[in-house]
Amino acid sequence: MCAEENLLGGTHFSIDGLKLPSNAAKEWSGTHADLRTKQQNIEKKVKKMVKEHRIKDKPKKKSIKDDDNDNFKDRILRLEKKAKRIEKFLSENEHKIGHTGKEIQSNVTDNESAKMATSHGVVQGYNANAMVDETHQIIVQAEAYGTGSDGKLMRPMLEGAKRNFEEIGFGENYLTERVISADTGYFSTENLETCHEKNVDAY
């Protein structure tokens, strides 16, 4: 529709990103070794609680203390559930490897998300990127990535925009010799090589 209404200038595009929190807690993040240690600590805590409870537990009449006993059992069940959740995750997921070849932190709740530094502190979330046409600020490509760094995102963003333009009949070379603007967060050797390969001018 935007193309049919001549809303796409097609000469200058800008790329920028925004860190967005996911529905996952940072506390559920860590390397596989970190998560295994967390699981083992929870299991040790459960064993200690059960042992202490058995020592204190004596037959008694129904009283207010019975409610405390129920709450105690609920706490144990919650901890056991957490330990089993970690165990299940570790058995079903491989280590996450970063661009340096080393293991990076996984997340039990949302393993596609990542810890990211923002102006409001560290969040567990996504790096939402958008590429817009200059003339009327029409978004031509948008994607959320599980990495806090923009240094490797030029390639997937340009390739995604290229696919979108091909689908509306603009041809596979539509982005050739176009101007792409981005802030210094995108300045990297890999992104510059991508622009050179795609034959676009980067600013």
Quiz item: Can you name the nearest heavy-atom pair linking F72 to V50, along with the distance?
Solution: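 So the minimum-distance heavy-atom pair works out to CZ-N, 4.4 Å.
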Is a salt bridge present between [X] and [Y], judged by a nitrogen-to-oxygen distance below 4.0 Å?
X: E190; Y: R155; result: no
X: E80; Y: K84; result: no
X: K198; Y: E159; result: yes

Going by heavy atoms in the side chains, are [X] and [Y] under 4.5 Å from each other?
X: H32; Y: R36; answer: no
X: H136; Y: L8; answer: no
X: D183; Y: D16; answer: yes

Quiz item: More than 12 foreign heavy atoms under 6.0 Å from CD of E112: is that the case here?
Solution: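 Result for CD/E112: open.
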Quiz item: Would the number of heavy atoms belonging to other residues, nucleotides or ligands and lying under 6.0 Å from CD of E92 be above 12?
Solution: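 Check passes, neighbour count above 12.
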Exercise. Report yes or no: is the cationic atom of R178 (NZ for Lys, CZ for Arg) closer than 6.0 Å to the six-membered ring centre of Y174, at no more than 45° off its axis?
Key: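 The answer is yes, since R178 meets both limits relative to Y174.
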Atom pair [atom1] ([X]) and [atom2] ([Y]), whose distance is rounded to the nearest 0.5 Å:
X: C195; Y: D201; atom1: SG; atom2: CG; answer: 8.5 Å
X: D150; Y: I15; atom1: CG; atom2: CD1; answer: 9.5 Å
X: K88; Y: N93; atom1: NZ; atom2: CG; answer: 8.5 Å
X: H99; Y: I104; atom1: NE2; atom2: CD1; answer: 9.5 Å
X: M157; Y: N191; atom1: CE; atom2: CG; answer: 11.0 Å
X: E103; Y: K96; atom1: CD; atom2: NZ; answer: 10.0 Å

Please list every donor-acceptor pair under 3.5 Å in which a side-chain atom of residues 137-146 meets a protein atom from a residue at least two apart or in another chain.
unit_1 : atom_1 : unit_2 : atom_2 : d
Q137   : NE2    : E134   : O      : 3.2
Q141   : OE1    : N164   : ND2    : 2.9

Between [X] (side chain) and [Y] (backbone), is there a donor-acceptor pair under 3.5 Å?
X: T184; Y: F187; value: no
X: N107; Y: D110; value: yes
X: N111; Y: S106; value: no

Quiz item: When you check the side-chain N and O atoms of H12 and S181, is any donor under 3.5 Å from an acceptor?
Solution: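 Per modelled atom types, H12 and S181 side chains form a pair under 3.5 Å.
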Show me, pair by pair, the donor-acceptor contacts under 3.5 angstrom made by side chains of residues 40-49, not counting sequence neighbours?
unit_1 : atom_1 : unit_2 : atom_2 : d
N41    : ND2    : T37    : O      : 3.3
E43    : OE2    : Q39    : NE2    : 3.2

Which side-chain N or O atoms in residues 17-26 pair as donor and acceptor under 3.5 Å with protein atoms at least two apart or in another chain?
unit_1 : atom_1 : unit_2 : atom_2 : d
S22    : OG     : Q124   : O      : 3.0
K26    : NZ     : V122   : O      : 3.1

